[in-house]
A.B. asks: 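One structure, pasted below without further comment.
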Amino acid sequence: MNCKKALEKFSNDLKQAETWLHQQAQKEGWNKASKLQGRKTAEGLVGLLQEGNTAVMVEVNCETDFVARNVKFQQLVQQVALGALRQCQRDDQSLSSFMKGFMGSEELLQMKTEESLLKDQVAVAIGKLGENMALKRAAWVMAPSDIFIGSYVHGALPVALPSLANMSFGKYGALVICQADRNFKGNLSELGRRMGQHVVGMSPLSLGSIEDESSGDMETRMLSQPYLLEPSVTVGQYIQPRGIHVLDFVRFECGEETEAAEAS
C-alpha cells in the first residue's frame with residue numbers, strides 16, 4: 001500500500017517514490033524508537049569483520065534473542081562493523097607495530113556508511129522489528145604484515161544471506177594479536193583461532209608475561225592460565241615451543257557490563 005501511495009504521489013517516478021519511502025521508514029522508525037526508549041536491551045550479537053590486516057568487533061543490542069537472529073538485525077550489525085572498519089582505515093599510515101582502539105555508543109551513532117548515518121539506520125531497524133536497540137561498542141585492530149590478527153566467535157550463527165558472508169555473528173568474540181618467529185611452519189590462522197577460543201572460554205583480564213608463575217584456576221593473566229584445550233600446560237608453555245608470541249587480545253561478551261574507559 002505504501003509503494004502504491006508513493007507512486008501515485010510522484011506520478012510513477014520510481015526514484016522520487018523510493019526516496020520518499022525511505023524517508024517515511026526513517027520517520028516511523030524514530031517515532032517507534034522514542035516510544036521504546038528505556039526498554040532493556042540485554043540480548044543482541046557480537047559481529048566480527050576482518051579485511052586484510054584490519055579487524056573490527058562490534059556489539060549491537062536488542063531486547064530478545066528472536067530479533068537478534070533476524071536477518072534485518074544482522075544487516076544492521078554488518079553496517080556498524082563496516083562503519084567502524086572504514087573509520088579506522090581512513091588513517092592510512094605505515095605501521096611498525098599494531099594499533100588497537102575502542103569506540104563507544106555515541107561515536108558509532110554519528111558514523112556514516114554508504115547508506116546513511118548509523119543512528120538513522122538504527123531507527124529504521126527499530127521501526128521494522130519493533131524492539132529497542134543500542135549500538136554498544138566497537139573494538140578495532142590494525143597491524144603490519146608481520147603481525148597476525150587471530151579471531152574467534154562463539155555460538156556462531158549460520159550465514160543467512162550471501163551479502164553477510166564477510167561477517168561472523170555470535171554471543172562471544174575475541175581478537176588475538178600474534179607474531180610468529182621466522183622458523184614458524186604451522187597454521188597461523190588455526191593457532192590464532194585456538195587462542196581466540198581460549199580468550200572466550202577463560203576470560204583473561206590481562207596478557208601477563210611468559211615468565212609469570214600460574215596461580216591455577218583463578219589465574220586472570222592469559223599467558224599464565226591453563227590452556228583451555230590442553231590444561232596440563234599454560235598458554236605460555238603451549239605457544240613458546242611453537243614459535244608464537246601473543247601481543248594483546250580483545251574479548252567481547254554480549255550483554256556484559258563494560259568499563260567506561262573501554263568505550264572511550
Side-chain angles (χ1 to χ4, degrees), residues 25-26 28-50 55-88 101-113 115-141 151-161 164 166-175 196 199-200 203 250-264:
Q26 189 172 302
E28 290 169 12
W30 277 112
N31 289 337
K32 189 80 171 179
S34 64
K35 293 176 183 177
L36 299 179
Q37 191 175 13
R39 278 169 46 169
K40 190 175 181 181
T41 53
E43 295 292 337
L45 288 174
V46 170
L48 195 149
L49 173 62
Q50 194 159 354
V56 297
M57 191 162 58
V58 302
E59 181 184 352
V60 182
N61 300 121
C62 57
E63 295 180 42
T64 66
D65 185 59
F66 178 77
V67 161
R69 293 174 179 275
N70 188 286
V71 170
K72 287 184 172 60
F73 183 80
Q74 293 170 20
Q75 288 172 324
L76 174 64
V77 178
Q78 182 187 46
Q79 287 301 306
V80 178
L82 284 168
L85 184 76
R86 299 294 174 245
Q87 180 72 15
C88 65
F102 295 93
M103 303 174 191
S105 177
E106 287 304 315
E107 186 177 357
L108 290 171
L109 286 168
Q110 297 305 321
M111 283 184 186
K112 189 172 185 179
T113 66
E115 295 183 10
S116 59
L117 286 172
L118 284 176
K119 65 179 182 180
D120 291 329
Q121 294 182 46
V122 172
V124 170
I126 289 173
K128 289 178 178 178
L129 298 174
E131 283 194 4
N132 193 21
M133 296 176 194
L135 308 188
K136 188 172 185 179
R137 55 180 170 164
W140 57 267
V141 176
S151 62
Y152 175 71
V153 170
H154 185 72
L157 297 178
V159 176
L161 292 174
L164 294 171
N166 62 342
M167 293 290 301
S168 297
F169 302 105
K171 295 297 184 182
Y172 303 82
L175 299 174
V199 169
V200 165
S203 307
V250 184
R251 180 186 186 275
F252 276 9
E253 178 179 341
C254 187
E256 71 181 337
E257 295 294 325
T258 57
E259 295 286 339
E262 180 187 82
S264 64

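Values in this document were obtained by computation on a predicted structure and should not be read as measured data. Only heavy atoms go into these numbers, but all of them, side chains included; no hydrogens, no water, no symmetry mates.
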A.B. asks: With a 3.5 Å distance limit and no angle check, can you tell me whether Q121 reaches the backbone of S116 through a side-chain donor-acceptor pair?
C.D. replies: yes

A.B. asks: Please step through side chain to side chain contact (heavy atoms under 4.5 Å, CB included) for the pair L135 and V60, ending with a clear verdict.
C.D. replies: CA-CA 5 Å; L135 308 188; V60 182; 3.8 Å; yes

A.B. asks: To the nearest 0.5 Å, how far apart are OH in Y172 and OG in S203?
C.D. replies: 8.0 Å

A.B. asks: Quick one: does M57's side chain get under 4.5 Å of V46's, heavy atoms only?
C.D. replies: yes

A.B. asks: Could you tell me which residues satisfy side-chain hydrogen bond (donor to acceptor under 3.5 Å, both in side chains) with Q74, sequence neighbours excluded, listed by chain and number?
C.D. replies: none

A.B. asks: Is E43 salt-bridged to K171, going by a charged N under 4.0 Å from an acidic O?
C.D. replies: yes

A.B. asks: Taking C-beta and beyond as the side chain, do L161 and Q75 meet within less than 4.5 Å on heavy atoms?
C.D. replies: yes

A.B. asks: May I ask you to decide whether E256 forms a salt bridge with R137, counting only side-chain N to carboxylate O separations under 4.0 Å?
C.D. replies: yes

A.B. asks: Partners of Q50 by side chain to side chain contact (heavy atoms under 4.5 Å, CB included), sequence neighbours excluded?
C.D. replies: A55, I149, S151

A.B. asks: Among all residues two or more places apart in sequence or in another chain, which pass the side chain to side chain contact (heavy atoms under 4.5 Å, CB included) test with A156?
C.D. replies: V153

A.B. asks: Take T41 and M133 through the test side chain to side chain contact (heavy atoms under 4.5 Å, CB included) and record every step on the way to the result.
C.D. replies: CA-CA 6 Å; T41 53; M133 296 176 194; 5.6 Å; no

A.B. asks: Under a 3.5 Å distance rule, please check whether E131 uses its side chain to pair with a backbone N or O of C62 as donor and acceptor.
C.D. replies: no

A.B. asks: Given 3.5 Å as the limit, does a donor-acceptor pair link the side chain of R251 with the main chain of V200, or not?
C.D. replies: yes

A.B. asks: Do R86 and T113 have a side chain donor and acceptor closer than 3.5 Å?
C.D. replies: no

